[in-house]
Amino acid sequence: MPAHTNDDTPRDGTDGARDGSAAAPDTGVPAETNASAETNASAGTAAPARTTAPSGSTAPSGTTAPSGTTAPSGTIAPAGAIAPAEAVTPLLRGIAVLRRLTEAPGGTLSLSTLEKTTGLARSTVDRLTATLARMGHVRLDGRDVTLAPRLMELGNAYLAALRLPALLSARADELADELDESVSLAVGDRDGIRFIHQATRRRAMSLSFRIGDLLPAERTAPGPLFAAEWTESDWRRWRERRSADPKDHTFPAVPPREHPTPDEDFARRTAQAATDDHALDDQLIEPGLVALSVPVRDPGTGRVACVASVVSHTSRHTAPDLRAALLPRLRATVAAMEDDLRTAPPPEPGPPRAGLATWTGASKQELGREFVESLARGLTVLTAFDEGRSALTLTQVAQATGLARATARRALITLGHAGLLAPAPGNTFTLTPRVLSLGFPALSRTSLPEIAQPHLTALADRVHESTSLAVLAESGEEIQYTARASTTRVLSARVTVGARLPARATALGHVLLALPEARTQGYALVDEELEAGLRSLAVPVRDRTGRVVAALNVAMHAARRTAAACRTDILPELSRTATLIEADLSVAGRFVHVPPT
């Protein structure tokens, strides 16, 4: 196929890709050999998909078994893999930036640190982060770059296509409530496991694992259950990884291994798990942590679709006691989960996102060389997948994104090399669990105040007045401030986060109590009810179901604006800010619980 020469043509060495005629070995991603072919498997030594289920296979319930085509490391691709000739270099670089940010404390790094950790030129880092900021995936604050909630739409695409969290999470939550212990669901990710759902307990001693976190298989309870279906090549890769990284430094979610165990120990545990159809983790991650796991099998193939685990600590249960006391109840829940998979109706695919290619083109026109169009277009390919669209052909990806077929093809090759998707039966592609490595763990415990804070700050800067976010307190009679942004004025509304005020005397309270006037108008204006001279305007903030979960306000001295001016000047800005917060909250709350405080 001739080299692509339109929207992905290299311009200055960073906004393009190396052109060529075919994918190099080790990609595991199909490459076209003529214009009419849908896809064609690449030659070479691409690692086979995990054998927990055929890559991309779909059970009668519509669940897609996870494919394990990724390596548990922070590198862009499995060690030793050669980048395909047609890989989109800016896309690989952007993925590397997102992974460095995901591994960083708080999901934040300075531009100079990104330059050092990625090995990229500073000008390239600047352009990549500017593009990611334009997409809403990161936030730029001076010289710092921070992951933003909108990035979770990439992980959401994988979780939606997988369907397991949507179908099984309620069962896991019910079991956690019944046992008063943490319950998790995990999928296999090559020689590791990755969490797709967590139902944790609020305790002084509680779990810190997050959805999307990657753990080495041999240090977990789910690991032996997945390894029972490994091929010899899977075991060989596992041994190579163990030899290269004996301390597990490539798994930032777990503490370094202090006392490495022999390979035979995990092989023995795997054989025992295959016989028992359950497995124990007796303080393998760290002292005090114990877990019991049972496989949830795909009704169509009989292979492991995911693993359900009950996790505790030794002050509550020893590992043998955990098995004796809780295994029957865990098995009953898993049986119900498998029945849910068996009886779930096929998913109805929703409408694909429209206008993605048009948006990236317009952004390029507006920002010029600061916008790396090939990075933006490559990441939009991931969002083509969703519930009911778990396996897509090249043509379907191009149609869903609006991208040219050649552009979509090169993006698929690149994403395959990065381990984010894999070839599947019927000339299709499926997303892999490694998509969750793009920011999801760091963002999966984001709270509503954290989501709202940058929007509040921007609003305060625009209107030059103090802004606040509040929720209704447990009593139902007070509001509690959870976030705020002040402005530089001598006289301004000052309130501290955590403070409580009578709900009926505040605009925030009127909105949260859904008083008739606020419900009809969609906002509340309170004039000097709480304090002489204080005027406040508030609007609701809703979650993805439409439920009011918080209220947002602007407060000022009554002398600065009339009530009419508040409605004319402030209300549009306030409503716009609430819409932005709701958009981020909708993305963040699709598969995880977003705490209101």
Side-chain angles (χ1 to χ4, degrees), residues 50 52 63-68 70 72 99 102-103 107 151-152 154-173 175-176 181-201 206-227 248 250-255 279 281 284-286 289-296 304-313 330 333-334 337 419-420 431-446 588-594:
R50 276 185 42 82
T52 51
T63 59
T64 302
S67 55
T70 67
R99 285 180 174 158
T102 302
E103 295 164 0
L151 178 62
M152 294 178 74
L154 305 183
N156 285 346
Y158 165 72
L159 294 173
L162 185 68
R163 290 197 80 202
L164 295 177
L167 293 175
L168 306 182
S169 60
R171 297 280 187 189
D173 294 345
L175 182 62
E181 300 286 358
S182 295
V183 175
S184 65
L185 299 175
V187 295
D189 191 350
R190 206 167 182 177
D191 61 353
I193 71 157
R194 207 177 283 273
F195 293 109
I196 59 170
H197 181 73
Q198 289 276 11
T200 57
R201 302 292 89 186
S206 60
L207 296 178
S208 61
F209 293 136
R210 305 161 300 184
I211 297 177
D213 271 338
L214 180 68
L215 279 63
E218 68 275 13
R219 293 179 65 183
T220 68
L225 296 166
F226 288 114
D248 292 338
T250 51
F251 295 87
V254 299
D281 166 6
L284 295 170
I285 293 291
E286 65 180 17
L289 181 66
V290 292
L292 171 68
S293 294
V294 171
V296 180
V304 180
C306 69
V307 169
S309 303
V310 177
V311 186
S312 189
H313 56 81
L330 179 56
T333 295
V334 166
M337 289 179 174
L420 301 176
L431 298 181
T432 73
R434 201 176 188 189
V435 174
L436 295 174
S437 71
L438 303 182
F440 211 91
L443 294 166
S444 64
R445 290 190 176 175
T446 301
R590 185 173 181 185
F591 290 104
V592 303
H593 170 66
V594 179

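Numbering of residues begins at 1 and proceeds along the displayed sequence.
Of all heavy-atom pairs spanning Leu164 and Ala305, the tightest one is CD1-O, 3.6 Å. Glu103 approaches Pro252 most closely through the heavy-atom pair CG-CG, 4.3 Å. Residues Cys306 and Leu185 share a closest heavy-atom pair of SG-CD2, 4.5 Å. Counting all heavy atoms, side chain and backbone alike, Pro441 lies closest to Arg210 at O-CD, 3.1 Å. Shown here for Phe226 and Ala186, the closest heavy-atom pair between the two residues is CZ-O, 3.5 Å. Here the closest non-hydrogen pair linking Pro295 and Val334 is O-CG1, 3.2 Å.
Residues forming a side chain to side chain contact (heavy atoms under 4.5 Å, CB included) with Ser169 (at least two apart in sequence, or on another chain): His197. Residues meeting the side chain to side chain donor-acceptor pair (under 3.5 Å) test with Ser437, sequence neighbours left out: Arg99. Qualifying side chain to side chain contact (heavy atoms under 4.5 Å, CB included) partners for Pro255, counting only residues two or more places apart in sequence or in other chains: Arg219, Ile285, Glu286. Under the rule for a side chain to side chain contact (heavy atoms under 4.5 Å, CB included), the partners of Ala291 that lie at least two apart in sequence or sit in another chain are Ala221, Asp281, Val311. Every residue two or more places apart in sequence or in another chain that forms a side chain to side chain contact (heavy atoms under 4.5 Å, CB included) with Ala157 is listed here: Leu431. Every residue two or more places apart in sequence or in another chain that forms a side chain to side chain donor-acceptor pair (under 3.5 Å) with Ser309 is listed here: Ser293. Scanning for ring-ring contact (aromatic ring centres under 6.0 Å, His included) contacts around Phe195 gives Phe209, with sequence neighbours left out.
Contact check for Thr333 versus Val183: no side-chain heavy atoms found under the 4.5 Å cut-off. Taking 4.5 Å as the limit, every side-chain heavy atom of Thr432 sits out of range of all side-chain heavy atoms of Asp189. The shortest side-chain heavy-atom distance between Val307 and Ile193 does not fall under the 4.5 Å cut-off. Contact annotation: the side chain of Val592 approaches that of Phe440 to within less than 4.5 Å [non-hydrogen atoms, C-beta and beyond]. Proximity of Glu218 to Asp248: side-chain heavy atoms (C-beta onward) are separated by under 4.5 Å at one or more points.
A side-chain donor-acceptor contact under 3.5 Å links Arg194 to the backbone of Gly212. With Ser182 contributing its side chain and Thr200 its backbone, the two residues share no donor-acceptor pair below 3.5 Å.
Atom CG of Asp213 and atom CD1 of Ile196 lie 13.5 Å apart (nearest 0.5 Å). Distance CG/Asp173 to NE2/His593: 10.5 Å, rounded to 0.5 Å. Atom CG of Leu330 sits about 12.0 Å away from atom CD of Glu181, to the nearest 0.5 Å. Atom-to-atom distance recorded for Leu436:CG and Ile211:CD1 is 8.5 Å, nearest 0.5 angstrom. With rounding to the nearest 0.5 angstrom, the CG atom of Leu438 is 6.5 Å from the OG1 atom of Thr102.
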